[in-house]
Amino acid sequence: MTETVKNTFLFAIVGGLIVLTGFLQSWNSALLILNMGLVSAIMAIGVNLQWGFAGLFNIGVMGFVALGGLAAVLVAMPPTTEAWAAGGTGIIISLLLGAATVIAAVLVRTWMHAGPVRSLAMLAVIVVGFFVYRAVLDPSVEAVEKVNPAATGYLGGLGLPVILSWPVGGLLAAGAAWIIGKIALGLRSDYLAIATLGIAEIIIAILKNEDWLSRGVKNVVGLPRPVPYEIDLQNDPSFVERAAGLGMDPVTASTLYVKLGYAVLFLIVLGVLLWMAEKALKSPWGRMMRAIRDNEVAAEAMGKDVTRRHLQVFVLGSAVCGLAGAMMTTMDGQLTPGTYQPLRFTFLVWVMVIVGGSGNNFGSVLGAMLIWFLWVQVEPIGIFLLELATSGMADGPLKTHLLDSAAHMRLLTMGVILILVLRFSPRGLIPER
Amino acid sequence: MDFLNAIVALANFVLIPAISYGSQLALGALGVTLIYGILRFSNFAHGDTMAFGAMVTILVTWWMQSVGIGLGPLPTALLALPFGILGCVALVLVTDRLVYRFYREQKAKPVILVIVSMGVMFVMNGLVRFIIGPDDQNFADGERFIISARDFRAMTGLDEGLAIRTTQGITVVTAIVVVAALFWFLNRTRTGKSMRAYSDNEDLALLSGINPERVVVYTWLIVAALATVAGVLYGLDKSFKPFTYFQLLLPIFASAIVGGLGNPLGAIAGGYIIAFSEVTITYAWKKIAIYLLPERFEPDTLVQLLSTDYKLAVSFAILLIVLLFRPTGLFRGKAL
């Protein structure tokens, strides 16, 4: 069996699993799995760029994904005019002041000679800058959040088509990645891991607490969509007629139609990214990346700027994660900061990449679809298994406890899968060529 | 009088909470730093090791409470602590045997071990949630306060009260005892010395006849004990919730890196630095400012630099500053 046949076979199995879900459960849930699988595949490509190509360990995927979600809100929601009038300028000015403070501190550092005077000057610039920033920011934030807090209470977005937010999400994530990479790359490899872990937690904290930006835990709902609304389809006589022609009732047909619409959009993005990642992998740039990954010292001796290349690929990979985040928020139609869990968005993507085969783009895509399928289906399976195991038991606290705990089976299963794959098949399902 | 009141308020709201939180972080960071120094990887499962040890302790505590064993004014958890440590030791030794040893023999790159430790983290996290559930658990009992705010006010006649909770007192005393024992062990005993030698230079240590597996086992023993103690103290002082232990990972790593990874003294200093910065930056200084400043300057805001929701941001900012200016940490890491 040649490699291509084997890989096609593997993809066919995952496709078959999703089709099976369609037949056994419902086509709606099958398409949901497919869509989230496609988004996860894009995240996995991003992580594979960093880990598979360059050996960088990023455990802040969640943060970059959330930044993409923020981009969807900032680009697509209609602006809240009263809020802008109340405090928009103040917030913009204060953010500029904050940036100016950082720049001033950097300038002090570059211009003055090293010594206690410089440290004191930098500290003074930062402290004064911080208080000025807060003095301008606080009243504006209060004014903005007072504007109809039940419905808006935030600045809103730009009111542009939501598709535009996808590249913007990538850009936001790239910006955050650049800052982190600039600081943590070039040091010991685990420092990047800790720094990314931190930035992810902080991005989520900002999304949860800065109500003027994205309504915090009050969530932004009703994001505009790139595909038609179900209700419009159901009121469209020609659509109802076509659905009837296929023997479906209009409600089911419209939900399926919408999900298929997303699937097509996601497939296009995934296809383009996959093509670009493959090109990059096979180009001299990709070979250089892998050379650096396999032996940094040798690559450096050959005149490669390891830290810069690492920064480059780190920013690129994070941008892909941000793009995927914007796509996911678009599909959900809402930004809910409370749902961003590191287990779900960072760790799961890592399992996808490693199970699929790090260093191989197709492997990442396969891993993403497979693991997402398992992630969705492990819970019902876990409940079923536990029910089976406890069926002989008398009703009691232990039995209820075991049945209640089924939800935590996911964490355990995914952790065990990761450890087993790393140990017995570290190259994954589709190994790197 | 106002000045005294200000000092008491400062002690009550800043110094005492920061000291006890700092002790908990220091104990956690010591575990991370020992693993880094001897096994040479950043153990991301440390937060969940703490949670596991604390969980075993909680289960034993509940059992003791139900059969009526207690320590009177002290929390029963102190009696249950040795059992928690035993449970945690068993867990980490099994993990090491099943998971880490394979990579050690292969001499795998540290980053692979870090990823493996992430997998272990999720298994442990799942175990803890499976056994005790994801919710808050309260297991503190005994006397709540060493000095309550009301008694303090009655004693001194000041307006401000100073409350010292029993758990805070226990945290500090236990931390001092544990740290003293650890340093005595590392510096005075044969095993401790062999651990330091192994950390300094693996090859030389092997040549001089140190058994690496023995060193590794001892390291895990100590780490499990430290993690359980830290986890139980944190749980007593605040509350036990599996997810908060995962979130403790960031301040713990920040403490270890600020002090210099691999350096136990640094880990302790780092723990207090992080704790004090977190508490002072997220504390609302209005009360103290009112005591100290003349009436004209009295602030009308809370004088809070950052809201408490950004506690994590403080440890992160300190981490970044250290990485920028002194990546080896304040105490020059990697020397045990």
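Taken to the nearest 0.5 Å, the CG atom of A:Leu67 stands 4.0 Å off from the CD1 atom of A:Ile203. Separating the CG atom in A:Leu185 from the CG atom in A:Leu56 is a distance of 6.0 Å, to the nearest 0.5 Å. Atom OH of residue B:Tyr234 and atom OH of residue B:Tyr21 lie 5.5 Å apart, to the nearest 0.5 angstrom. Within the model, atoms CD1 of B:Ile132 and CZ of B:Phe139 stand 9.0 Å from one another, a figure rounded to the nearest 0.5 Å. The CG atom of A:Leu348 sits 10.0 Å away from the CG atom of A:Leu411 when rounded to the nearest 0.5 Å. Separating the CG atom in A:Leu213 from the NZ atom in A:Lys208 is a distance of 15.0 Å, to the nearest 0.5 Å.
Heavy atoms of B:Tyr310 lying under 4.5 Å from chain A belong exclusively to its side chain. Of the atoms belonging to A:Leu418, it is side-chain heavy atoms, and not backbone ones, that fall under 4.5 Å from chain B. In this structure, the portion of A:Ile59 lying under 4.5 Å from any heavy atom of chain B is its side chain and not its backbone. Contacts of B:Gln247 with chain A are made by side-chain atoms alone, with heavy-atom separations under 4.5 Å and no backbone atom involved. With a threshold of 4.5 angstrom between heavy atoms, B:Leu319 approaches chain A through side-chain atoms but not through N, CA, C or O. Contact of A:Ile199 with chain B is made through backbone and side chain together, with heavy-atom distances under 4.5 Å. For A:Arg423, the parts lying under 4.5 angstrom from a heavy atom of chain B are both the backbone and the side chain.
Closest heavy-atom contact between B:Ser255 and B:Ala29: CB-CB, 3.8 Å.
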Applying side chain to side chain contact (heavy atoms under 4.5 Å, CB included), run through B:Ile131 and B:Leu59 and close with a yes or a no.
-> CA-CA 10 Å; B:Ile131 297 175; B:Leu59 293 177; 4.0 Å; yes
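Note: A:Phe57 and A:Trp350 meet the aromatic proximity criterion, with ring centroids under 6.0 Å apart.
Inspection of the B:Ser315 and B:Glu278 side chains reveals an N or O donor paired with an N or O acceptor under 3.5 Å.
By a heavy-atom distance cut of under 4.5 Å, B:Met118, B:Gly119, B:Val120, B:Phe122, B:Val123, B:Asn125, B:Gly126, B:Leu127 are the residues of residues 118-127 of chain B near chain A, going up by number. Scanning residues 90-102 of chain B against chain A with a 4.5 Å non-hydrogen threshold yields B:Leu98, B:Val99, B:Phe102, sorted by number.
Chain B forms more heavy-atom pairs under 4.5 Å with one residue of A:Val416, A:Thr413, A:Val351, A:Leu343 than with any other, namely A:Leu343. Counting heavy-atom pairs under 4.5 Å between each of A:Leu412, A:Ile180, A:Asn209 and chain B puts A:Asn209 at the top. No other option in B:Val114, B:Leu323, B:Leu320, B:Leu250 has as many heavy-atom pairs under 4.5 Å with chain A as B:Leu323. For the set A:Ile206, A:Asp138, A:Leu197, the count of heavy-atom pairs under 4.5 angstrom toward chain B peaks at A:Ile206. When A:Ile354, A:Ile417, A:Asp190 are compared by the number of non-hydrogen pairs under 4.5 Å with chain B, A:Asp190 comes out ahead.
Ring planes of A:Phe130 and A:Tyr133: tilted class, angle from 30 to 60°.
Annotation: side chain of B:Ile35 is in contact with side chain of B:Phe41 (closest heavy-atom distance under 4.5 Å).
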